[in-house]
Every structure is written in C-alpha cells, then in structure tokens.
Visitor: 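Okay, handing you the structure first.
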Number of protein chains: 2
Amino acid sequence: MPDAEGHPTTEEMDLLTVFKALSDPLRYHVMATLVRQVEDTERTCTSFGLPVSKSTRTHHFRILREAGLIRQVDRGNSRCAQLRRQDIADRFPGLLRLLADNPVPPGTEALSREAQHV
Amino acid sequence: MPDAEGHPTTEEMDLLTVFKALSDPLRYHVMATLVRQVEDTERTCTSFGLPVSKSTRTHHFRILREAGLIRQVDRGNSRCAQLRRQDIADRFPGLLRLLADNPVPPGTEALSREAQHV
DNA sequence: CCTAAGGTACGATAGAAACCGTACCTCCGG
DNA sequence: CCGGAGGTACGGTTTCTATCGTACCTTAGG
C-alpha cells in the first residue's frame, strides 16, 4: 500500500491509472516537462505556471502522485515535485521516452506562458 | 486530415489523445486484448462482449478510431476492428509493449465475462 | 421479400472530473 | 513576532463524458 505521503510502490502502479493521470493536458504538460529535465530535478508546483488556481493545482499534483509518477518531498517551506524516473522506467519501460518525444501538442495551449523557473 | 472513415494519419496522431482514449477501462481492455492477438486479427465490436449497450459500444470504438488506435473496415454485414499495429509502433514506439505487458488490472472487473470469440 | 444481426445517429441523463474560493496550516525572512 | 509564500482540505459549481433508449440504415440468409 501507498506510504504516508500517498506514494504507491512500483508494484502498485497501474497503467490504467497512469493513462488516466496523463490524459489531462495540464498533467501531461507537467510530466512532459519534468521528463526533459536533468535527473533528480526538483520543482515546486507553482514553478510550472499552470493557469489554474492553487487548489486545482494541488488536485492535479495529487493525481500525479497517486499514480506513482511523481514524488513530493517536503522542503520545509514548500513541497517539491520530483519525477520518479527509475520507478517508472522499471515498471513501465518506454513510457518516459514516449513523453520525452511528445511535448505538448500544438493546439493544447493555455500552457504557453510556462514559467521560466528551474 | 483524417480520411472519410475518420482514421487519422500517423502524423496526426497525438499522444494526449491516445492517453485519453486509453484512460477508460473498457477501451483499455479492448486495446490490451487486440494487442495480444496475432497480427491483422479482425474482430467485430460485439465480439468483445463489453457490458454496455450498442450505442455506448459505438461511442467507445469511435474514440479508439479517432485516436488512430484501430482501423474499422466494412465487411458488408458488420464493421470489423483491427489494431493499427504498424502505425502505432512507428508513431509511439513502446506503447504496444506497455499494453501487452499490462492486461486489465485486477479490480477493473465487469470485463471478466469477455466473449470467447476470435 | 422479410427478418435479424451489426452498426450509426441523435437526444437525454447521470455521474465523474476540473475548477474555484475560502479557510487554514507551515515555514522562512524580515 | 508577524507577513507572505507555498500547500492542503473542504464544499460548491460547472463542464465533460459514459451511459442509455429510440429510430434508422445495411446486409446476409432463409
């Protein structure tokens, strides 16, 4: 079962849930962004500049977390999101490559004003 | 643009749309089933024994078709669904393997009474 | 020619999901 | 010690989508 912070183990990850998590443009965008960054990059939820309210943002990151795609670690002040790169690669080989090769498709805008943070 | 029957070209396929199509348990099941069959297998929509009405079934197969995942060919009496294996392999390498390795997860029932057709 | 099987089209409905605002918590910096 | 930034929790709204029924089309077969 998931740990206290709601991170499922590799075995608990389920492709249907992952697809559901990735079927939203905003979440897809977050993942496609994370996957193209250097290993172990940590980013706050805010840094993605999603065009939604704080509470909605929490909602989206929760879904990514519960699908096992990201890890959220407490950094005192804020809570950083980190791609679970190795876990995903182990459980769903090929998935990361798919995301890396397919950034947000044109027409799925409202994401263009991506914050330039790191 | 898509052809007359609504099949997108390989270039038009979009991963977000594909994820959306695969994020429904029934559609996921259809794809996971098709992908495990021998090349060029054709099956009628009915043969999957989905626990939904005819019109809903049409709806699901339309979404799969419009995502570019299946091809529907007229066979006079009925309309057969065929996996677009090569197209998917070209456009989204790794995707078919993911599906083949991850059949319907336990707990996603209502699919158990799969028809034993070919 | 008529019927039944397989499908599509359309309109309606119910449930799910995205979204927001408000209230509240925690930590860092001044 | 206080304010603001980053988040979460909760309740309510709206929008989307899975669902169904009905009507209708086409074809194979009796």
Visitor: Nearest heavy atom decides the nucleotide; on that basis, is His59(B) or Lys54(B) closer to the 5' end of DNA chain D?
Guide: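 Mapping each residue to its closest nucleotide by heavy atoms, the 5'-most match is His59(B).
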Visitor: Report the distance from atom CD1 of Ile63(A) to atom C1' of dA17(C), rounded to the nearest whole Å.
Guide: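 These atoms are roughly 8 Å apart.
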Visitor: Just checking Arg27(B): base, sugar-phosphate only, or nothing, at a heavy-atom cut-off of under 4.0 Å?
Guide: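 The answer is sugar-phosphate, as Arg27(B) gets under 4.0 Å only of primed atoms, P, OP1 or OP2.
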Visitor: Atom CZ of Phe61(B) to atom C1' of dG6(C): distance rounded to whole Å?
Guide: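 These atoms are roughly 12 Å apart.
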Visitor: Provide, to the nearest angstrom, the distance between the CZ atom belonging to Arg57(B) and the C1' atom belonging to dA5(C).
Guide: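 Roughly 11 Å, once rounded to whole Å.
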Visitor: Has Thr56(B) got a side-chain N or O lying under 4.0 Å from the OP1 or OP2 atom of dC20(D)?
Guide: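 Checking dC20(D) against Thr56(B), a side-chain N or O does come within under 4.0 Å of OP1 or OP2.
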Visitor: Has Ser53(A) got a side-chain N or O lying under 4.0 Å from the OP1 or OP2 atom of dC20(C)?
Guide: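 Yes.
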Visitor: Would you say Thr46(B) reaches dG7(C)'s phosphate, i.e. side-chain N/O to OP1/OP2 under 4.0 Å?
Guide: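 Yes, such a contact exists.
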Visitor: Once you round to the nearest 0.5 Å, how far does NZ of Lys20(B) lie from CG of Leu22(A)?
Guide: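 Interatomic distance, Lys20(B) NZ to Leu22(A) CG, rounded to 0.5 Å: 12.5 Å.
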Visitor: Without decimals, in angstroms, what is the distance between Leu16(B) CG and dC16(D) P?
Guide: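 Those two atoms, CG and P, are 15 Å apart.
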Visitor: Same cluster or not: Val35(A) versus Ile63(A), using hydrophobic residues (I, L, V, M, F, W, Y) connected whenever any side-chain heavy atoms lie under 4.5 Å apart?
Guide: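 No; tracing contacts between hydrophobic side chains, which count when under 4.5 Å, never links both residues.
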Visitor: Take atom CG of Asn77(A) and atom P of dA5(D), then tell me their distance rounded to the nearest Å.
Guide: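 Whole-Å distance recorded here is 11 Å.
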Visitor: If I take atom CZ in residue Arg43(A) and atom P in nucleotide dA5(D), what distance separates them, rounded to the nearest angstrom?
Guide: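 Taking CZ of Arg43(A) and P of dA5(D), I get 19 Å after rounding.
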Visitor: Whether Arg62(A) contacts dT8(D) is assessed here as follows: a side-chain N or O lying under 4.0 Å from the phosphate OP1 or OP2. Is that the case?
Guide: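 No, outside the criterion.
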Visitor: At their closest point, which heavy atom of Gln72(A) faces which heavy atom of Cys45(A), and how far apart are they?
Guide: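 Heavy atoms of Gln72(A) and Cys45(A) come nearest at NE2-SG, 3.8 Å.
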Visitor: Starting from P on dG7(D), measure out to CZ on Phe48(A) and report it in whole angstrom.
Guide: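 Going from CZ in Phe48(A) over to P in dG7(D) covers 10 Å.
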Visitor: Closer to the 5' end of DNA chain C via nearest nucleotide, is it Ser55(A) or Ser23(A)?
Guide: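 First, find each residue's nearest nucleotide; the 5'-ward one identifies Ser23(A).
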Visitor: Looking at dT19(D), dG7(D), dC20(C), which one has an atom nearest to any side-chain atom of Val52(A)?
Guide: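 Output: dC20(C).
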Visitor: Lys20(B) has an atom NZ; how far is it from atom P of dC16(D), in whole Å?
Guide: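 Rounded to the whole Å, the gap is 10 Å.
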Visitor: Is the distance from OP1 or OP2 of dT19(D) to the nearest side-chain N or O of His60(B) less than 4.0 Å?
Guide: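 Looking at the OP1 and OP2 atoms of dT19(D), one of them is under 4.0 Å from a side-chain N or O of His60(B).
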Visitor: Closer than 4.0 Å, any side-chain N/O of Thr58(A) to the OP1 or OP2 of dT8(D)?
Guide: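 For Thr58(A), the contact criterion (side-chain N or O under 4.0 Å from OP1 or OP2 of dT8(D)) is met.
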Visitor: State whether a side-chain donor-acceptor pair under 3.5 Å links Ser53(A) with Ser55(A).
Guide: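 Yes, Ser55(A) and Ser53(A) have a side-chain donor paired with an acceptor closer than 3.5 Å.
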Visitor: Could you give me the CA-CA distance, side-chain angles and deciding distance for Arg84(B) and Arg91(B), then say whether side-chain contact (heavy atoms from CB on, under 4.5 Å) is met?
Guide: CA-CA 11 Å; Arg84(B) 291 181 62 178; Arg91(B) 182 70 182 77; over 6 Å; no
